[in-house]
Amino acid sequence: MADKTWSMLPLPALMIGPDDRMRAVNGAAEAFLGASEALIAGRAADDLFGANSRVKELIQISRQATATASDHTVDFVWPGREIEQVDLLASADEEGEVLLIIQPQSLAEHIDRTLSHRHAARSMSGMAAMLAHEIKNPLAGISGAAQLLEMGASDDDRALTELIREETQRIETLINKVEAFGDTGPLMRLPVNIHDVLDRAKRSAEAGFASHVKFREQYDPSLPEVPGDHDLMVQAVLNLMKNAAEAAPPVGGIITLRTAYRAGVSLGGARGARVSTPLLLEIADNGKGVPDDMQREIFEPFVTSKSSGSGLGLALVSKIIAEHGGSIDCQSAPGRTVFRLRFPIWQGQLPTEETAA
């Protein structure tokens, strides 16, 4: 029964012997670490976590007190993995054997943020319709009046009328971006191959704004398809690639595209139903990162760190992902920013011509 309970633990768990070598890991740990128990067992904790790491320190504290030691927001180091913040719990027995449980930090917090982003996007949908009607019509009148004034204006006054027309055009461009949040009705959901989406977006990026960066692909070729709109998904991914390319250094810039299957994550759906979102897509760059004070609001409309940005690109991405029943979150530090997208998988039947119409 103990072995069965060990294998059923939903959180990654590692057993570390008194000699500081790995004794065993459960299935959740194998998935989290990307390595099998056969590769991990017998390895020294110092080699895996680092001799001076907080993980190793917690292991020693738990042994000294023969009790449980825990810490939050710990930098977790593991060979072949990016540094990730986790919550840790270490519990030792009298023989010095330690059970280390890893809680990937803030998965619940990320989901909570996703729900907040959805609400913000829905608010934008209502505002978009109002802006289009209440602002675009007066703008057309202002621009037309400026053109008429320009015909009989002096050189000095013509500069002012040109400024009026340029500014009205700038505002109209912003309104057009906001209109993208307008309600477009239900999606026509078809099975979409996420790797086809990535390939199309990458080819477009390489031919334009991302010509200076190198793309790295780490794909799981066995992934199932996603229900959704292929073009909208390309639009969302292309927007994230554009952000990554702009953030990456002009020399040595790298964008990493990664796909994987991660069971166990679900979001609230219609009428209180839970929707599983096991398909994971990551888009990472090696740029300077998102400022700390902006990370929680990065998907909110009009939030941007760019001097010439409108702050609507990531809000639109969040809206598209939400419409596909998925979620998006961001983790950023200097030298690495990663956007993680989670999607449900295709489980339905292809629509007939009649239902598609």
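- Tyr219 and Val338 fall into different hydrophobic clusters, defined by Ile, Leu, Val, Met, Phe, Trp and Tyr side-chain heavy atoms under 4.5 Å apart, directly or through other members.
- Between the side chain of Ser318 and the backbone N or O of Ala315, no donor-acceptor pair lies under 3.5 Å.
- Contact record, Thr337 with Gly289: OG1-CA, 3.3 Å, taken as the closest heavy-atom pair.
- Evaluation of the ring-ring contact (aromatic ring centres under 6.0 Å, His included) test over residues 143-166, restricted to residues two or more places apart or in two chains, returns none.
- The cluster map of Ile, Leu, Val, Met, Phe, Trp and Tyr, joined by side-chain heavy atoms under 4.5 Å apart, puts Phe209 and Val317 in the same cluster.
- Between Pro79 and Leu48, some side-chain heavy-atom pair lies under the 4.5 Å cut-off.
- Under the 3.5 Å distance criterion, the side-chain polar atoms of Asp285 are left unmatched by any main-chain donor or acceptor of Gly335.
- The aromatic rings of His324 and Phe343 sit perpendicular to each other, their planes meeting at more than 60°, with 30° as the lower class boundary.
- Taking Ile, Leu, Val, Met, Phe, Trp and Tyr as members and joining any whose side-chain heavy atoms lie under 4.5 Å apart, directly or through other members, the hydrophobic cluster of Met151 also contains Leu148.
- Between Arg189 and Asp229 there is no salt bridge, since none of the side-chain N atoms of the basic residue sits less than 4.0 Å from a carboxylate O of the acidic one.
- Phe32 places a side-chain heavy atom less than 4.5 Å from the side chain of Val86.
- Taken from CD in Gln331 to CZ in Arg340, the straight-line distance is 4.5 Å, to the nearest 0.5 Å.
- Side-chain contact between Glu206 and Phe215: present, with at least one pair of heavy atoms (C-beta onward) separated by less than 4.5 Å.
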Might you work through the side chain to side chain contact (heavy atoms under 4.5 Å, CB included) test for Thr259 and His195, ending with a clear yes or no?
CA-CA 8 Å; Thr259 60; His195 298 128; 2.9 Å; yes
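- Between Leu240 and Leu314 the shortest side-chain heavy-atom distance falls below 4.5 Å.
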How far apart are the C-alpha atoms of Arg23 and Ile16, what are their side-chain angles, what is the distance that settles it, and do they pass the side chain to side chain contact (heavy atoms under 4.5 Å, CB included) test?
CA-CA 5 Å; Arg23 289 281 182 86; Ile16 303 161; over 6 Å; no
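- Counting non-hydrogen atoms of neighbouring residues, nucleotides and ligands closer than 6.0 angstrom, the NZ atom of Lys288 reaches no more than 12 such neighbours.
- Legend: ring-ring contact (aromatic ring centres under 6.0 Å, His included) pairs involving residues 143-172, not counting sequence neighbours: none detected.
- Under 4.0 Å is where a charged nitrogen must lie from a carboxylate oxygen, and between Arg54 and Glu57 at least one such pair does.
- With salt bridges taken as basic N to acidic carboxylate O contacts below 4.0 Å, none links Arg200 and Asp196.
- The minimum heavy-atom distance linking Pro227 with Pro344 is given by the pair CD-O, 3.4 Å.
- Between the side chain of His230 and the main chain of Ile194, no donor-acceptor pair closer than 3.5 Å is present.
- Side chain of Ser211 to main chain of Ala207: no donor-acceptor pair is present (N/O by atom type, distance under 3.5 Å, no hydrogens or angles).
- Taking all atoms of both residues into account, the shortest heavy-atom contact from Leu58 to Ala90 is O-CB, 4.0 Å.
- Taken to the nearest 0.5 Å, the CD1 atom of Ile101 stands 5.5 Å off from the CG atom of Leu89.
- Here the side chain of Asp93 pairs a donor or acceptor atom with the backbone of Glu97 at under 3.5 angstrom.
- The shortest distance between side-chain heavy atoms of Asp329 and Arg342 falls below 4.5 Å.
- Between the side chain of Ser332 and the main chain of Val290, a donor-acceptor pair closer than 3.5 Å is present.
- For the residue pair Pro18 and Glu95, the shortest heavy atom distance occurs at CG-O, 3.1 Å.
- Looking at Glu217, Met241, Arg203, Met233 one by one, the single match for side chain to side chain contact (heavy atoms under 4.5 Å, CB included) with Leu198 turns out to be Met241.
- The shortest non-hydrogen separation linking Val213 to Ala248 is CG1-CB, 3.9 Å.
- Of the inter-residue distances, the one linking Asn243 atom CG with Ile283 atom CD1 reads 10.0 Å to the nearest 0.5 angstrom.
- Taking CD of Gln60 as the reference point, atom CD of Gln64 lies at 6.5 Å (rounded to 0.5 Å).
- Taking CG of Leu100 as the start and CG of Leu88 as the end, the distance is 5.5 Å to the nearest 0.5 Å.
- Distance check, rounded to the nearest 0.5 Å: CD1 of Ile345 to CD of Glu225 gives 10.5 Å.
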Determine whether Leu341 and Leu280 satisfy the following criterion, side chain to side chain contact (heavy atoms under 4.5 Å, CB included), listing intermediate values before the conclusion.
CA-CA 6 Å; Leu341 288 67; Leu280 175 67; over 6 Å; no
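- Looking at Arg43 and Asp20, no side-chain N of the basic residue comes within less than 4.0 Å of a carboxylate O on the acidic one, giving no salt bridge.
- Both Trp78 and Val98 sit in one connected hydrophobic cluster of ILVMFWY residues. Membership requires side-chain heavy atoms under 4.5 Å apart, directly or through other members.
- Taking the side chain as every heavy atom from C-beta outward, Arg216 and Ile255 never approach each other to under 4.5 Å.
- Of all non-hydrogen atoms in Gly17 and Arg63, the two that sit nearest each other are O-NH2, 2.7 Å.
- Under the 3.5 Å distance criterion, the side-chain polar atoms of Ser204 are left unmatched by any main-chain donor or acceptor of Ala201.
- The shortest distance between side-chain heavy atoms of Lys56 and Asp46 falls below 4.5 Å.
- Under the 4.5 Å side-chain heavy-atom criterion for ILVMFWY residues, a single connected hydrophobic cluster contains both Tyr261 and Leu279.
- Contact check for Val226 versus Asn193: no side-chain heavy atoms found under the 4.5 Å cut-off.
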Are Asn239 and Val237 close enough, and set up right, to give a side chain to side chain contact (heavy atoms under 4.5 Å, CB included), and what steps lead you there?
CA-CA 5 Å; Asn239 203 319; Val237 169; over 6 Å; no
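- For the pair Asp220 and Arg258, the salt-bridge criterion is not met [side-chain N within less than 4.0 Å of a carboxylate O].
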